[in-house]
Colleague: 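There's a structure below that I have some questions on.
Chain A is the first sequence line, chain B the second, and so forth, proteins listed ahead of strands; every chain is numbered from 1.
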Amino acid sequence: MPRTLVRDALNATAPSDAIFLQGWVRTRRDAKAFSFIELNDGSSLKGLQVIVDATLPDYPQVGRASTGASVEVQGRLVASKGQGQQWEVVAEKFTVLGEADATYPLQKKGHSLEFLREIAHLRPRSNLFGAVFRVRSRLAYAVHQFFQEKQFFYVHTPIITASDAEGAGEMFRVTTLPLGNPPKTEQGEVDHTQDFFGRKTFLTVSGQLEGEIFATALSNIYTFGPTFRAENSHTSRHAAEFWMIEPEIAFCDLAGDMALAEEFVKYLIRDAREHCAADLEFFSKFVDKELLTRLDFVLERPFQRCSYTDAIAILTQNGKTWEHPVAWGDNLQSEHERYLTEEHFKCPVTVYNYPRAIKAFYMRVNEGDAPGRQTVAAMDLLVPGIGEIIGGSQREERMELLKEGMALHHLSEKDYWWYLDLRRYGTVPHAGFGLGFERMLMFVTGVANIRDVIPFARTPGTAEF
RNA sequence: UGCCUGGUAGCUCAGUGGUAGAGCAGGUGACUGUUAAUCACUUGGUCGUAGGUUCGAUCCCUACCCGGGCAGCCA
């Protein structure tokens, strides 16, 4: 008999005389004449109640069906006699496949997130993490759906890269040279010409530069893959390995870029709201009471836009005192970003046109700025509770200005010869952004720590699983 | 990397300069169309590690290890 998923059984429209289920026991309640077993197979938040009558030949097995045990059940799907569920299964055959003894760490009551991180191999079996990873799967699908519907092409940019100075952060080195005794040059430095790739290589911090290659060929592309930052960050919103979505659009300016970013964020929220309703309600109940209100509010309301210069004016004219001073030319600090999105605008806000000096070399220089106030066409999308969720820009398509930017950042034109070629041959205005997938998940689920929205968190000092 | 905070039973936590307690989990029994079931009884701890102060340290001090938060860096 084919297996029925719990999710489908719960959504049944009619009873069934024959149904077969497999899954794990969440809890068991024994009565004198029968036992109740809540069966969960991960297909949905809610489990299915199974009744095993004491007269059943298989009944002795029920004693071994403790929380965490794997079981299979054959029986009848019937309307429940009790409150709390529409359907339940009356078992005719009941088998324990794998026991879970008293050392099984997951209990019926709530655990701390910190404890669950220590058992990352079992936490997907909890309500919370089951829900998180179902939403994660759905949103990954929605990412592709959004861009594919818009006829963007999915490009696989390399994980291993030789570009080492995009300004996105510290990088992990990739090498096969012996650690203790690497070959040296005459100058006594490690000789990377003898390394696997014949040069220094790293794990990528961004697929953007390679994305630009494809955008200037296929017009509209996106990447969606893992990226790596070797920053020693100890915060709830940084991980050393995370997934990023980076669209790159040819013949597009900053305004188009911002519009796409805002549409994308709303699309993902709407998709989760529609397809992960039960899981989101669970988060709203147990993780963040304001979640659904906030998500709906974000869907209904247009995102605000605010130039960097206006943002500085808002921050300096409201009479607040800041831990970090606010001055034109300085980066916006977390407290400033959070004030803008959480208190001033009270909704997602896109800040654009940042000072050139604090932004990356490839960002497009704006025209008509006041002297000493040179800006670039960069934008950050800020959301309440998290801060920056998207960073993007129009790219500098003019060769001379791009070279000038590289000089400002002390980058060698020789190392970026292929990137400069994109301007040398058929250059076009283009723009793109990066969305941190985990940060988006934090926003959609209300889960406050990035370690809890990624299956296996990689943070400084931690890579157990 | 800096600052802050925590480490006591399997889990969540309380507690005191005189070597420890609760709830849940586990065990036993009772009861019940139950649903984080309920009730009674019960097992369970070198109080993170190493030093120091003290007659005596889980408590005070120092170092280290580990967790968490904030900041910077960013997504």
Colleague: Hey, does the side-chain of A:Ser233 have a donor or acceptor N/O within less than 3.5 Å of a partner on the base of B:C73?
Modeller: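 Pair found.
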Colleague: B:C64 and B:C3: how far apart are their P atoms, nearest whole angstrom?
Modeller: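 Nearest-Å result for B:C64 against B:C3 at atom P: 12 Å.
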Colleague: With heavy-atom distances below 4.5 Å as the criterion, would you say the side chains of A:Ile390 and A:Met379 are in contact?
Modeller: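 They are in side-chain contact.
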Colleague: Could you say whether A:Glu388 or A:Thr459 is positioned toward the 5' end of RNA chain B, judged by the nucleotide with the nearest heavy atom to each?
Modeller: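 Residue closer to the 5' terminus by nearest nucleotide: A:Thr459.
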Colleague: On RNA chain B, compare the nucleotides closest to A:Arg439 and A:Phe34; which residue's is nearer the 5' end?
Modeller: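 Mapping each residue to its closest nucleotide by heavy atoms, the 5'-most match is A:Phe34.
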Colleague: Got a salt bridge between A:Asp279 and A:Arg134, using NZ or NE/NH1/NH2 to carboxylate O under 4.0 Å?
Modeller: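 Salt bridge flag = yes for A:Arg134 with A:Asp279.
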Colleague: Apply ring pair (Phe, Tyr, Trp, His ring centres under 6.0 Å) to A:His336 and list each qualifying residue two or more places apart in sequence or on a separate chain.
Modeller: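 With sequence neighbours excluded, A:His336 shows a ring pair (Phe, Tyr, Trp, His ring centres under 6.0 Å) to A:Trp322, given in chain and number order.
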Colleague: Which one, B:A75, B:C74, B:C70, comes nearest to the side chain of A:Ser236?
Modeller: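 Of the candidates, B:C70 comes closest.
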Colleague: Does the base of B:U34 carry an N or O that pairs as donor and acceptor with the side chain of A:Gln85 under 3.5 Å?
Modeller: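 Donor-acceptor pair under 3.5 Å: yes.
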Colleague: Roughly how far apart, to the nearest Å, are B:C47 and B:U42 at atom P?
Modeller: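 Pairwise P distance, B:C47 against B:U42, rounds to 24 Å.
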Colleague: Between B:C31, B:G72, B:G33, which nucleotide gets closest to the side-chain atoms of A:Gln49?
Modeller: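 Closest nucleotide to the A:Gln49 side chain: B:G33.
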Colleague: Tell whether A:His238 reaches the base of B:C73 with its side chain through a donor-acceptor pair below 3.5 angstrom.
Modeller: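 Checked by distance alone, the answer is yes.
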Colleague: Which listed nucleotide (B:A75, B:U12, B:G72) is nearest to the side chain of A:Gln333?
Modeller: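 Looking only at heavy atoms from C-beta outward on A:Gln333, the closest nucleotide is B:G72.
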Colleague: Please report the distance separating the C1' of B:U38 from the corresponding atom of B:G33, rounded so that it comes out in whole Å.
Modeller: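 B:U38 and B:G33 have their C1' atoms separated by 14 Å.
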Colleague: Given the structure, check if the side chain of A:Glu114 and the base of B:G6 hold any donor-acceptor pair shorter than 3.5 Å.
Modeller: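 Answer is no: no donor-acceptor pair is held.
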Colleague: Which residue pairs satisfy the ring-ring contact (aromatic ring centres under 6.0 Å, His included) criterion with at least one member in residues 49-103 of chain A, sequence neighbours excluded?
Modeller: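 Residue pairs passing ring-ring contact (aromatic ring centres under 6.0 Å, His included), neighbours aside: none found.
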Colleague: Is any side-chain N or O of A:Arg237 closer than 4.0 Å to OP1 or OP2 of B:A71?
Modeller: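 Affirmative; the distance criterion is met.
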Colleague: Please determine, for the side chain of A:Arg29, which listed nucleotide (B:C11, B:G68, B:U34) has the closest atom?
Modeller: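 Ranking B:C11, B:G68, B:U34 by closest atom to the A:Arg29 side chain puts B:U34 first.
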